[in-house]
Engineer: 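One structure follows; several queries about it will come next.
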Amino acid sequence: MSRTYDDTMFIDAFEHEYTWLNGFMRNVRRYAARPAVIDPERNRVWSYAELNEETNRLAHALKKDGVGKDDVVMAALRNSPAFCTCYIAPRKIGGILLAANYNLAAGEMALLIDHNKPKVVIYSANVRDIIVHAEKMCREKPVRFVMADNVRQVPVPKHHISYEDYIAEMPSEEPKIDFRPHIYDEVLRLCTSGTTALPKSVPLNDINEVLSAHDVIMHYPLNAGDLCLNMTPLFHRGGCHCGGPCPSFYVGCAVVIMRSFKPQTALDWAEKYGITFMMGAPANLEMLARAQKRKKRDLSKLRGIVTMGAPLSRADCIRFLDVLTPNIFNGYGTTETFWNSFLRPCDLPDGAGSVGGSCIDDEVRVVRMYEGKRAEPDDTVPQDNEIVGEIIVRSPEKTTYSYYNNVSYAAEKFYKGWMYTGDTGTWDKNWFVTVRGRKDDMMVVAGENIYPTQIEEAILAHPKAKDCMVISVPDKVRGEAVCAYVVAEDKSLSVHELIDFCMHSPMLSRYKRPRYFAIVDELPRTATGKKMHYALKERAPADLERGVLRKD
């Protein structure tokens with residue numbers, strides 16, 4: 001294609017030099033002595049220079065084990081300094097990091113290994129037994145298993161090696177490579193749950209990484225003087241990209257490591273270190289607010305708390321703004337596309353309950369739903385905040401529109417540059433979207449479509465209710481019957497009280513009132529706090545048979 005200028009040098013420089021790794025290396029030179037990783041539990045700090053040197057040693061060790069262009073390194077790591085070095089080291093030698101959920105069962109971990117064929121598996125000591133079991137179960141055998149983040153000095157399994165020993169004799173200089181990086185090279189592979197035991201593998205390329213970092217940097221905004229504490233797992237898209245290694249190391253700020261979330265500790269660290277951004281699910285914010293009310297900490301350095309995974313109710317939002325910080329952010333998106341709509345402090349509390357409007361480079365729409373076919377991207381529902389449709393997102397800068405080795409699933413989810421999320425929702429004249437549930441969570445009771453979100457919100461208005469999830473079970477008369485699983489805030493809460501409350505709730509039509517109730521200790525959620533309705537729906541028939549679900 002001819003242009004009005006000579007684009008040769010631009011194309012060459014842009015496609016080969018505009019990489020995330022080059023951005024990180026600029027900060028190694030600019031901020032060599034400044035902190036990159038802070039590990040309060042082990043009282044250790046890595047400067048940008050030190051982080052780069054350790055990353056190089058890991059890269060040399062991986063290279064010695066045969067990791068090269070497009071080879072996979074699997075990390076089953078909790079939040080740790082090792083996760084940070086694993087995030088960077090494979091791309092220095094052309095490899096791909098597979099960030100695995102360390103909470104997977106051994107069988108699921110074995111399936112992940114067989115599907116992705118990693119040459120090296122690096123894992124946290126706290127999941128040692130799971131990895132050992134997975135090693136026996138998997139058909140594809142990695143060259144090396146490396147046990148990292150061994151805070152409790154757990155014995156290293158036979159034939160495995162400790163992270164420290166793995167990198168001990170390796171040089172700290174930059175590894176030599178025999179290829180030229182390209183912005184379309186896959187550098188990261190994330191996992192998202194599906195209907196099978198094998199998590200779907202989501203490939204991200206280098207330009208996805210750069211532009212995901214840019215998205216966070218401009219939305220917060222984030223700068224080199226910030227300190228970020230992510231209270232959710234870094235293996236998730238929201239973990240590594242929302243104030244995790246991706247934007248933090250690209251802009252030159254520091255990451256504070258929290259291995260497992262403890263609200264009191266998070267607040268203590270925010271005060272001690274002057275943390276400027278904290279990231280977590282709404283459940284994290286709830287626990288932070290309670291801990292802050294019990295013992296007030298100085299959070300004056302906090303420039304924002306970013307939440308994701310679920311909308312904030314207006315009441316919760318007002319409380320968090322009052323108790324924690326006036327700067328609350330709420331993002332909505334997917335593993336495949338990062339976040340795609342965003343509520344900023346100026347949007348709250350009025351926008352609470354919705355997931356806001358589209359991010360700067362993204363577009364979010366609500367399209368009609370049809371039986372047996374998808375709607376075209378321009379076949380939208382009215383912007384009246386009443387008619388429910390499917391939420392679709394266009395985010396070409398942050399997704400590859402693909403799954404690793406799963407063409408059929410990609411064809412189901414991606415169409416004409418849009419991702420069909422499977423979430424249902426409404427939108428208003430300001431283009432603000434409100435999530436109503438999942439397409440597969442929709443219930444049909446006596447011919448009426450019912451979405452769980454409204455019923456859950458109504459039940460949570462009960463002062464003794466802490467958490468709630470609504471699903472359905474088969475019913476001979478109605479087709480489906482509504483069930484409510486409730487976690488009690490006050491242990492005196494009874495099913496009778498819930499029945500009476502729902503009967504008199506002004507927010508629940510008669511046909512929307514739950515027919516069955518159960519008071520439980522906890523509800524199934526993902527690592528980032530999203531409700532797993534499908535998991536509860538699978539167990540509901542057995543609960544019904546055993547009498548756990550009580551009838552109205």
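We count residues from 1, following the sequence as given. Source: prediction; values computed, not measured.
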Engineer: Verify, without hydrogens or angle tests, whether Ser248 (side chain) and Gly243 (backbone) share a donor-acceptor contact under 3.5 angstrom.
Structural biologist: yes
Engineer: Apply side-chain hydrogen bond (donor to acceptor under 3.5 Å, both in side chains) to Ser162 and Asn150, showing your working.
Structural biologist: CA-CA 8 Å; Ser162 73; Asn150 195 359; over 6 Å; no
Engineer: With a 3.5 Å distance limit and no angle check, can you tell me whether Ser124 reaches the backbone of Val127 through a side-chain donor-acceptor pair?
Structural biologist: no
Engineer: Taking the side chain as everything from C-beta on, heavy atoms only, tell me whether Arg78 gets closer than 4.5 Å to Val151.
Structural biologist: yes
Engineer: Are Met532 and Thr526 packed together at the side-chain level, in the sense that at least one heavy-atom pair is separated by less than 4.5 angstrom?
Structural biologist: yes
Engineer: Is the terminal nitrogen or CZ of Lys69 (NZ for Lys, CZ for Arg) located under 6.0 angstrom from the six-membered ring centre of Phe179 and within 45° of that ring's axis?
Structural biologist: yes
Engineer: Decide yes or no for His219 and Phe329: does some side-chain heavy atom of the first lie under 4.5 Å from some side-chain heavy atom of the second?
Structural biologist: no
Engineer: With a 4.5 Å heavy-atom cut-off, do Leu112 and Pro199 have their side chains touching?
Structural biologist: yes
Engineer: Is any side-chain heavy atom of Ile113 closer than 4.5 Å to one of Pro118?
Structural biologist: yes
Engineer: Can you measure from OH (Tyr123) to SG (Cys86) and round to the nearest 0.5 angstrom?
Structural biologist: 13.0 Å
Engineer: If you count every heavy atom of other residues, nucleotides or ligands that lies below 6.0 Å from Lys136 atom NZ, does the total exceed 12?
Structural biologist: no
Engineer: Using a strict cut-off of less than 4.0 Å between a Lys/Arg side-chain nitrogen and an Asp/Glu carboxylate oxygen, indicate whether Asp423 and Arg438 qualify as a salt bridge.
Structural biologist: yes
Engineer: Does a side-chain heavy-atom distance below 4.5 Å link Met278 with Thr325?
Structural biologist: no
Engineer: Can you check whether Gly239's main-chain N or O pairs, donor with acceptor, with Asn230's side chain at less than 3.5 Å?
Structural biologist: yes
Engineer: Looking at residues at least two apart in the chain, or sitting in another chain, which of them share a salt bridge (Lys or Arg N to Asp or Glu O under 4.0 Å) with Arg180?
Structural biologist: Asp12, Glu17
Engineer: Between Glu174 and Asn52, does any side-chain donor sit less than 3.5 Å from a side-chain acceptor?
Structural biologist: yes
Engineer: Start with the C-alpha distance between Leu58 and Tyr163, add both sets of side-chain angles, then the distance that settles side-chain contact (heavy atoms from CB on, under 4.5 Å), and finish with yes or no.
Structural biologist: CA-CA 9 Å; Leu58 177 57; Tyr163 174 85; 4.2 Å; yes
Engineer: For a quick test of reading the model, state the closest non-hydrogen atom pair linking Ser172 to Asn56 and the distance between them.
Structural biologist: O-ND2, 2.8 Å
Engineer: So, His115 side chain and Tyr404 main chain: donor-acceptor pair closer than 3.5 Å or not?
Structural biologist: yes
Engineer: Does atom CD of Gln153 have more than 12 heavy-atom neighbours, drawn from other residues, nucleotides or ligands, at distances under 6.0 Å?
Structural biologist: yes
Engineer: Taking all non-hydrogen atoms of both residues into account, name the closest pair between Pro245 and Leu234 and its distance.
Structural biologist: CD-CD2, 4.1 Å
Engineer: State the OG1-CG distance between Thr399 and Asn208, to the nearest 0.5 angstrom.
Structural biologist: 6.5 Å
Engineer: Taking all heavy atoms of Ile122 and all of Leu77, pick out the closest pair and write down the distance.
Structural biologist: O-CG, 3.8 Å
Engineer: If the condition is ring pair (Phe, Tyr, Trp, His ring centres under 6.0 Å), which residues does Tyr166 pass it with, not counting sequence neighbours?
Structural biologist: none
Engineer: Taking NE2 in His133 as the centre, count heavy atoms belonging to other residues, nucleotides or ligands within less than 6.0 Å. Is the count above 12?
Structural biologist: no
Engineer: What residue among Leu97, Val202, Val72, Leu204 forms side-chain contact (heavy atoms from CB on, under 4.5 Å) with Arg189?
Structural biologist: Val72
Engineer: If you compare all heavy atoms of Met147 against all heavy atoms of Pro157, which two are closest, and at what distance to 0.1 Å?
Structural biologist: SD-CD, 3.9 Å
Engineer: Under the salt bridge (Lys or Arg N to Asp or Glu O under 4.0 Å) definition, can you give me all pairs with a residue in residues 245-271, not counting sequence neighbours?
Structural biologist: Asp39-Arg259, Glu41-Arg259, Asp149-Arg259, Asp268-Arg297
Engineer: Nearest 0.5 Å please: distance from the CG atom of Leu324 over to the CG atom of Leu285.
Structural biologist: 6.0 Å
Engineer: Rounded to the nearest 0.5 Å, what's the gap from CD on Glu209 to CD on Glu186? Could you check?
Structural biologist: 10.5 Å
Engineer: Distance from Ile391 atom CD1 to Ser341 atom OG, nearest 0.5 Å?
Structural biologist: 8.0 Å
Engineer: Please, which pairs that meet ring-ring contact (aromatic ring centres under 6.0 Å, His included) have at least one residue in residues 80-101, sequence neighbours excluded?
Structural biologist: Trp20-Tyr87
Engineer: Could you please spell out the steps behind the side-chain contact (heavy atoms from CB on, under 4.5 Å) verdict for Thr335 and His236?
Structural biologist: CA-CA 7 Å; Thr335 300; His236 191 270; 3.8 Å; yes
Engineer: Does the Asp114 side chain pair with the main chain of Glu140, one donor and one acceptor, at a distance under 3.5 Å?
Structural biologist: yes
Engineer: How long is the span from the CD atom in Gln292 to the CZ atom in Arg294, to the nearest 0.5 Å?
Structural biologist: 10.5 Å
Engineer: Using the side-chain contact (heavy atoms from CB on, under 4.5 Å) rule, take Leu222 and Phe277 through it: C-alpha gap first, then chi angles, then the decisive distance, then the call.
Structural biologist: CA-CA 9 Å; Leu222 193 69; Phe277 284 100; 3.9 Å; yes
Engineer: Say whether His159 and Glu135, considering side chains only, have a donor N or O and an acceptor N or O under 3.5 Å apart.
Structural biologist: no
Engineer: Give the ring-plane orientation class for His241 versus Phe338, where under 30° counts as parallel, over 60° as perpendicular and anything between as tilted.
Structural biologist: tilted
Engineer: One pair to check against side-chain hydrogen bond (donor to acceptor under 3.5 Å, both in side chains): Arg237 and Ser212. What are the steps and the verdict?
Structural biologist: CA-CA 10 Å; Arg237 185 79 187 256; Ser212 293; 2.9 Å; yes
Engineer: May I have all residue pairs that pass salt bridge (Lys or Arg N to Asp or Glu O under 4.0 Å) and include part of residues 402-419, sequence neighbours excluded?
Structural biologist: Glu376-Lys416
Engineer: The test is side-chain contact (heavy atoms from CB on, under 4.5 Å); show your working for Met279 and Val216 and say whether it passes.
Structural biologist: CA-CA 12 Å; Met279 287 65 65; Val216 172; over 6 Å; no
Engineer: Is there a side-chain contact between Ile88 and Leu21 (heavy atoms, below 4.5 Å)?
Structural biologist: yes
Engineer: Would you please classify the geometry between the Phe342 ring and the Tyr220 ring as parallel, tilted or perpendicular, with 30° and 60° separating the classes?
Structural biologist: parallel
Engineer: For side-chain hydrogen bond (donor to acceptor under 3.5 Å, both in side chains), just list the numbers for His214 and Glu397, CA-CA rounded to whole Å, side-chain angles, deciding distance to a tenth of an Å, and then say yes or no.
Structural biologist: CA-CA 10 Å; His214 281 194; Glu397 78 283 12; over 6 Å; no
Engineer: Between Asp65 and Leu62 (side chain of the first, backbone of the second, donor and acceptor by atom type, cut-off under 3.5 Å), is there such a pair?
Structural biologist: no
Engineer: Are the side chain of Asp185 and the backbone of Asp206 linked by a donor-acceptor contact shorter than 3.5 Å?
Structural biologist: no
Engineer: Considering all heavy atoms of both residues, which atom of Ile275 and which atom of Leu227 are nearest to each other, and what is their separation?
Structural biologist: CG2-O, 3.4 Å
Engineer: With heavy-atom distances below 4.5 Å as the criterion, would you say the side chains of Leu229 and Met258 are in contact?
Structural biologist: yes
Engineer: Just by distance, do the side chain of Asp71 and the backbone of Gly68 share a donor-acceptor pair under 3.5 Å?
Structural biologist: yes
Engineer: Ring pair (Phe, Tyr, Trp, His ring centres under 6.0 Å) with Phe414: which residues, sequence neighbours excluded?
Structural biologist: Tyr401, Tyr403
Engineer: Looking only at heavy atoms, what is the nearest atom pair of Asp70 and Ile96, with distance?
Structural biologist: O-CD1, 3.7 Å
Engineer: Is there a donor-acceptor pair closer than 3.5 Å between any side-chain N or O of Lys63 and the backbone N or O of Lys176?
Structural biologist: yes
